[in-house]
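Remember, it's 1-based here, ligands and their atoms both numbered in the order they're listed. Heavy atoms only: backbone and side chains are in, while hydrogens, waters and symmetry mates are out.
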Amino acid sequence: MNKLSNADLLATLEWRYATKKFDNTKKIDEKTWSTLEQALMLTPSSYGLQPWKFIIVQDLPTREKLQAASWNQAQVTDCSHHVVFVIKEKMDEEHISKFIEQTAKVRNQDISTLEGYKKMMIGDLVNGPRSEVISEWAARQAYIALGNFMTAAAVLGVDTCPFEGIEPKKYDEILGLTGSGWKTVCACPAGYRSGDDKYADAKKVRFDAKDLIIYK
Ligand SMILES: Cc1cc2nc3c(=O)[nH]c(=O)nc-3n(C[C@H](O)[C@H](O)[C@H](O)COP(=O)(O)O)c2cc1C
C-alpha cells in the first residue's frame with residue numbers, strides 16, 4: 001500500500017470543500033467513478049450488515065425533479081454523478097441471512113459456524129430494543145458512507161457536496177421508494193468545481209483544537 005504523506009493528507013482534506021457550483025461540462029471518467037463506487041461499497045458498517053443502497057441518478061429529468069426537492073440547489077443538475085444514500089427502514093431476518101450466506105461464500109466458511117453470530121444480530125436488531133430505533137441506526141451507517149465517499153473522492157481530485165438540504169419523502173416518491181422498505185437519508189453530488197465557485201477559496205471555519213480535541 002502506498003501511504004499518503006501527512007502533508008498530502010492534510011492538503012487533500014483542505015482542498016475538499018462543500019462545492020456550491022459544479023462545472024456541468026466536466027464528467028467523472030469511468031475508471032475514477034468505478035473506484036468511487038468501490039469506496040462506497042468498502043464503507044464499514046455495524047456488524048458489517050450494510051443496511052443501505054446508493055442510488056446514482058443519471059437521468060436529467062429525474063435530477064430536475066430532485067433539484068426541486070433539494071431547496072433548488074443547482075449542484076443536483078450540474079454535477080457529474082448525484083448519489084442518493086438510501087437505508088433499509090427495518091432490519092429483518094432475510095437481510096441478515098443474506099449477509100451470513102455472503103460471509104460463508106466469500107470466506108469459504110461452513111455456514112453452520114455462523115449460526116451464533118446470526119442469532120445474536122437477530123436478537124439485537126430485529127427482536128431487541130434496538131429494533132425500535134433501527135432506522136436511526138441505519139441512518140448513522142449511511143452517514144459513515146457519506147464521509148467515506150467524500151474523502152475518497154477528494155483523494156482522487158473529485159469534488160463533492162454533502163446534502164441534507166433535501167426533502168427525503170419527496171426523494172422517495174421521485175425515486176419510486178415509497179412503500180418499498182427503503183428510504184432516503186441524504187445525498188451527495190460529485191463532479192468538478194466550477195472555476196468561479198467563490199467558496200473554493202474560502203478559509204475553513206473550525207473551532208480551535210483545544211475546544212475539540214481532549215486528552216485525558
Ligand atoms: C450532513 C451535512 C449536510 C449538509 N448539507 C448541505 C446542503 O444541503 N447544501 C450545501 O450547500 N452544503 C451542505 N453541507 C455543507 C456544510 O455546510 C459544510 O460542509 C460546512 O460548512 C463545512 O465546510 P466545508 O465542507 O467546505 O469544509 C452539509 C454538510 C454536512 C456534513
Side-chain angles (χ1 to χ4, degrees), residues 4 6-24 26 28 36 39-40 43-46 50-57 62-89 133 135-175 177 182-213:
L4 271 184
N6 297 3
D8 282 346
L9 173 65
L10 288 180
T12 301
L13 294 176
E14 284 278 352
W15 177 86
R16 186 214 58 78
Y17 76 109
T19 303
K20 304 292 177 196
K21 194 169 174 199
F22 284 91
D23 180 339
N24 64 11
K26 290 191 183 158
I28 301 170
L36 290 178
L40 278 168
T43 301
S45 56
S46 176
Q50 309 153 68
W52 52 46
K53 288 192 193 297
F54 309 110
I55 300 182
I56 323 302
V57 186
T62 307
R63 283 218 212 165
E64 282 166 353
K65 287 187 205 154
L66 291 178
Q67 181 172 337
S70 309
W71 302 355
N72 207 28
Q73 300 184 83
Q75 295 102 312
V76 181
T77 44
D78 285 341
C79 71
S80 169
H81 288 62
H82 188 56
V83 187
V84 182
F85 293 74
V86 167
I87 55 156
K88 198 167 160 53
E89 286 177 289
V133 290
S135 87
E136 289 302 316
W137 169 85
R140 287 197 287 272
Q141 318 302 313
Y143 277 89
I144 296 171
L146 171 67
N148 195 40
F149 177 68
M150 290 191 291
T151 302
V155 169
L156 296 182
V158 170
D159 288 300
T160 54
C161 186
F163 254 28
E164 253 182 347
I166 63 171
E167 295 173 71
K169 284 208 161 66
K170 286 206 180 142
Y171 262 59
D172 292 346
E173 281 164 28
I174 295 163
L175 298 172
L177 297 170
W182 296 84
K183 68 176 185 185
T184 302
V185 169
C186 57
C188 190
Y192 296 98
R193 65 189 68 178
S194 166
D196 63 354
D197 186 357
K198 61 181 192 301
Y199 291 93
D201 298 321
K203 283 218 162 194
K204 292 242 174 272
V205 181
R206 300 295 190 264
F207 290 119
D208 295 341
K210 70 173 171 36
D211 296 328
L212 302 178
I213 314 282

Give the residue, atom name and distance (to 0.1 Å) of the protein heavy atom nearest [atom].
| atom | result |
| --- | --- |
| atom 8 (O) of ligand 1 | Gly165 N, 2.9 Å |
| atom 22 (C) of ligand 1 | Arg206 NH1, 3.7 Å |
| atom 11 (O) of ligand 1 | Lys20 NZ, 2.6 Å |
| atom 4 (C) of ligand 1 | Pro162 O, 3.3 Å |
| atom 18 (C) of ligand 1 | Ala18 CB, 3.9 Å |
| atom 5 (N) of ligand 1 | Glu164 N, 3.0 Å |

Could you give the distance from [atom1] ([X]) to [atom2] ([Y]), rounded to the nearest 0.5 Å?
| X | Y | atom1 | atom2 | result |
| --- | --- | --- | --- | --- |
| Thr77 | Gln67 | OG1 | CD | 3.5 Å |
| Arg16 | Asp159 | CZ | CG | 9.5 Å |
| Leu177 | Ile87 | CG | CD1 | 11.0 Å |
| Leu66 | Glu173 | CG | CD | 11.5 Å |
| Cys79 | Ile28 | SG | CD1 | 7.5 Å |

query = Under 3.5 Å, is there a donor-acceptor pair linking the side chains of Tyr192 and Thr19?
reply =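 The criterion, which ignores hydrogens and geometry beyond distance, is not satisfied for Thr19 and Tyr192.
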
query = Is there at least one protein heavy-atom neighbour under 4.0 Å from atom 20 (C) of ligand 1?
reply =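 Given the 4.0 Å limit, the answer for atom 20 (C) of ligand 1 is no, no protein heavy atom qualifies.
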
For [X], atoms of ligand 1 separated by under 4.0 Å from a heavy atom:
| X | value |
| --- | --- |
| Tyr17 | 26 (O) |
| Tyr143 | 1 (C) |
| Lys204 | 24 (P), 26 (O), 27 (O) |
| Arg16 | 24 (P), 25 (O), 27 (O) |
| Gln75 | 11 (O) |
| Gln73 | 7 (C), 8 (O), 9 (N), 10 (C), 11 (O) |

message = Does Asn6, at its CG atom, have more than 12 non-hydrogen atoms belonging to other residues, nucleotides or ligands within less than 6.0 Å?
response =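 12 or below, so no.
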
query = Heavy atoms, side chains only, cut-off 4.5 Å: are Tyr17 and Lys204 in contact?
reply =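 Answer yes - side chains close enough.
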
request  = Check whether any side-chain heavy atom of Leu175 sits under 4.5 Å from a side-chain heavy atom of Val57, and report yes or no.
outcome  =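 They are in contact (side-chain heavy atoms under 4.5 Å apart), so the answer is yes.
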
ask   = Any N/O of Leu146 closer than 3.5 Å to an N/O of ligand 1?
value =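 No, there is no polar N/O contact under 3.5 Å.
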
query = Is the backbone N or O of Tyr199 less than 3.5 Å from a side-chain atom of Asp197, with the two atoms forming a donor-acceptor pair by type?
reply =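 Checking the backbone N and O of Tyr199 against the side chain of Asp197, a donor-acceptor pair under 3.5 Å is found.
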
key: Sub-4.0 Å heavy-atom approach of Met150 to ligand 1   =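 Per 4.0 Å heavy-atom rule, Met150 does not contact ligand 1.
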
ask   = Under 4.0 angstrom from ligand 1, any heavy atom of Cys161?
value =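 True for this residue.
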
